**Student:** 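Handing you a structure now.
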Amino acid sequence: MIRARRTALPAAALAALLALTGCSPDQDGSDKGGPGKGGPSGGGPAPSAGAASALRALDDLAVKGRAPRTGYERGEFGRAWTDTDRNGCGTRDDILRRDLKDVRFRDGRCVVVAGTLVSDPYTGRDIAYRRGRSKVDIDHVVALSDAWQKGAGQWPRGRRVAFANDPLNLIAVEASANRRKSDGDAATWLPANTGYRCPYVARQVAVKKKYGVWVTRAEKDAMARVLRRCPTTALPVGTAPTDAPGR
């Protein structure tokens with residue numbers, strides 16, 4: 001796994017961060033990958049022409065207080081990187097294939113072993129990906145712990161599995177930036193790459209609207225501040241179902 005900073009995090013600290021975010025480090029072994037979706041690096045599928053604006057969609061999100069984190073653990077969202085789209089390849093490598101350039105596979109189809117994350121969404125830097133010693137993570141744009149405290153704790157398991165593996169909620173990013181984000185929402189963390197803040201918040205709005213995840217007042221205000229600078233930013237659209245086999 002990548003070192004999140006110049007020196008390695010202690011194992012216990014790294015485990016705690018990963019438990020918060022629900023985002024897994026690079027693991028060699030049984031992870032499968034899949035044919036990519038052809039989207040741009042770090043962005044996933046582009047919004048369709050004439051799509052609703054993210055700023056308008058923000059008004060549709062319910063505002064409530066944060067529920068307790070009691071009972072949250074990564075396993076409540078199913079086994080990591082479940083093949084919910086039934087393409088024979090795991091979600092993690094599907095996203096690597098979608099977001100990296102010059103991808104190379106171990107098996108010719110699924111397991112991504114190398115590539116380049118061009119203009120990382122969170123830092124703006126180009127980052128080489130090498131399986132097993134990568135500086136690239138797959139981030140849940142809306143962190144699993146954040147979702148748990150804003151509605152997902154009451155969902156059926158299949159909905160949580162779908163949420164954790166939905167390409168709309170997943171992007172390849174620089175690992176240390178992902179660790180700094182932890183399970184923060186827009187009120188507590190935004191990408192250092194200011195040029196990506198509008199697409200980032202728009203994607204959070206899209207994910208929360210799709211799954212009915214609520215926002216806190218501070219979070220909604222922070223989202224609105226970002227999106228008012230780019231009021232025509234389209235709301236991304238994802239086609240993955242909101243229910244998946246509980247695994």
Side-chain angles (χ1 to χ4, degrees), residues 18-27 29-39 42-48 57 60-62 67 69-100 107 109-112 136-173 178 181 183 185 200 202-215 235-247:
L18 295 177
L20 278 173
T21 61
C23 300
S24 296
D26 183 32
Q27 296 175 340
S30 62
D31 280 358
K32 299 174 292 178
K37 309 297 185 288
S48 59
D60 297 334
L61 301 185
R69 192 171 173 272
T70 305
Y72 169 75
E73 57 183 51
R74 176 61 178 85
E76 292 293 332
F77 288 81
R79 180 170 53 83
W81 312 128
T82 298
D83 179 20
T84 54
D85 63 1
R86 306 295 181 89
N87 69 350
C89 305
T91 302
R92 176 183 172 79
D93 286 311
D94 280 345
I95 302 303
L96 289 171
R97 169 66 182 266
R98 185 194 72 189
D99 290 354
L100 302 183
D107 59 356
R109 176 175 178 267
C110 278
V111 182
V112 177
V136 175
D137 277 357
I138 305 302
D139 183 37
H140 289 94
V141 177
V142 175
L144 303 187
S145 174
D146 180 64
W148 180 267
Q149 297 171 78
K150 297 171 183 175
Q154 305 303 314
W155 294 349
R157 187 174 179 84
R159 189 173 183 86
R160 291 199 293 264
V161 172
F163 181 88
N165 292 278
D166 192 331
L168 181 65
N169 193 30
L170 296 169
I171 54 173
V173 298
N178 181 38
K181 172 189 171 182
D183 65 345
D185 60 25
Y200 174 77
R203 186 169 289 265
Q204 286 192 325
V205 172
V207 171
K208 293 201 167 194
K209 180 179 172 67
K210 177 177 178 178
Y211 285 89
V213 179
W214 71 72
V215 292
L235 186 73
V237 177
T239 59
T242 55
D243 187 65
R247 295 183 184 180

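Being a predicted model, the structure only gives us computed values, none of them experimental.
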**Student:** Which pair of non-hydrogen atoms, one from F77 and one from A152, has the smallest distance, and what is that distance?
**Tutor:**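 For F77 and A152, the tightest heavy-atom pair comes out as CZ-CB, 4.0 Å.
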
**Student:** Can you name the closest pair of heavy atoms from P167 and R203 and give their distance?
**Tutor:**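 What the structure gives for the nearest pair is O-NH1, 3.7 Å.
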
**Student:** Any idea which heavy atoms bring D166 and A240 closest together, and the distance?
**Tutor:**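 Residues D166 and A240, closest heavy atoms: OD1-CB, 3.7 Å.
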
**Student:** Only one of L168, T242, V213 forms a side-chain contact (heavy atoms from CB on, under 4.5 Å) with F163, so which one is it?
**Tutor:**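 The option that passes is V213.
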
**Student:** To the nearest 0.5 angstrom, please state how far the CZ atom of R160 sits from the CZ atom of R74.
**Tutor:**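 Reported to 0.5 Å precision, the distance equals 11.5 Å.
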
**Student:** The criterion is side chain to side chain donor-acceptor pair (under 3.5 Å); which residues satisfy it with D243, sequence neighbours excluded?
**Tutor:**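 None.
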
**Student:** Could you check whether any side-chain N or O of N169 sits under 3.5 Å from a backbone N or O of H140, counting only pairs where one atom can act as donor and the other as acceptor?
**Tutor:**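 No; zero donor-acceptor contacts below 3.5 Å.
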
**Student:** For the side-chain contact (heavy atoms from CB on, under 4.5 Å) test, which of K208, K150, Q204 pairs with V215?
**Tutor:**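 The single option meeting the side-chain contact (heavy atoms from CB on, under 4.5 Å) with V215 is K208.
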
**Student:** Which heavy atom of Y211 sits nearest a heavy atom of R159, and at what distance?
**Tutor:**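 Shortest heavy-atom separation between Y211 and R159 comes out as O-NH2, 2.9 Å.
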
**Student:** Decide whether T84 and N165 meet the rule of one side-chain donor and one side-chain acceptor closer than 3.5 Å.
**Tutor:**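 No - no donor-acceptor pair under 3.5 Å links their side chains.
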
**Student:** Before accepting this row, confirm whether a basic side-chain N of the pair D146/K181 lies closer than 4.0 Å to the acidic partner's carboxylate O.
**Tutor:**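 No salt bridge links D146 with K181.
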
**Student:** Quick one: CG on L170 to CD1 on I95, what's the gap to the nearest 0.5 Å?
**Tutor:**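 Between L170 CG and I95 CD1, I get 5.0 Å after rounding to 0.5 Å.
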
**Student:** Check whether any side-chain N or O of D85 sits under 3.5 Å from a backbone N or O of N87 as a donor-acceptor pair, and report yes or no.
**Tutor:**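 Checked: pair present.
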
**Student:** So, for G78 and V161, which heavy atoms are closest and what is the spacing to 0.1 Å?
**Tutor:**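 In terms of heavy atoms, the two residues are closest at CA-CG2, 3.9 Å.
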
**Student:** Once rounded to the nearest 0.5 Å, what's the spacing between atom CG of L144 and atom OH of Y72?
**Tutor:**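 Going from CG on L144 over to OH on Y72, the span is 4.5 Å.
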
**Student:** Kindly compute the distance separating CG (D94) from CG (D99), expressed to the nearest 0.5 Å.
**Tutor:**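 Nearest 0.5 Å value for the CG-CG distance: 11.0 Å.
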
**Student:** Return the OG1 to CG distance between T91 and D83, rounded to the nearest 0.5 Å.
**Tutor:**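 Here the rounded value is 6.5 Å.
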
**Student:** For L235 and V205, work out which heavy atoms get closest and say how close.
**Tutor:**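 Smallest interatomic distance, heavy atoms only, reads CD1-CG1, 3.8 Å.
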
**Student:** Please determine whether side-chain contact (heavy atoms from CB on, under 4.5 Å) holds for the pair D183 and W148, giving the CA-CA distance in whole Å, both sets of side-chain angles, and the decisive distance to 0.1 Å.
**Tutor:** CA-CA 10 Å; D183 65 345; W148 180 267; over 6 Å; no

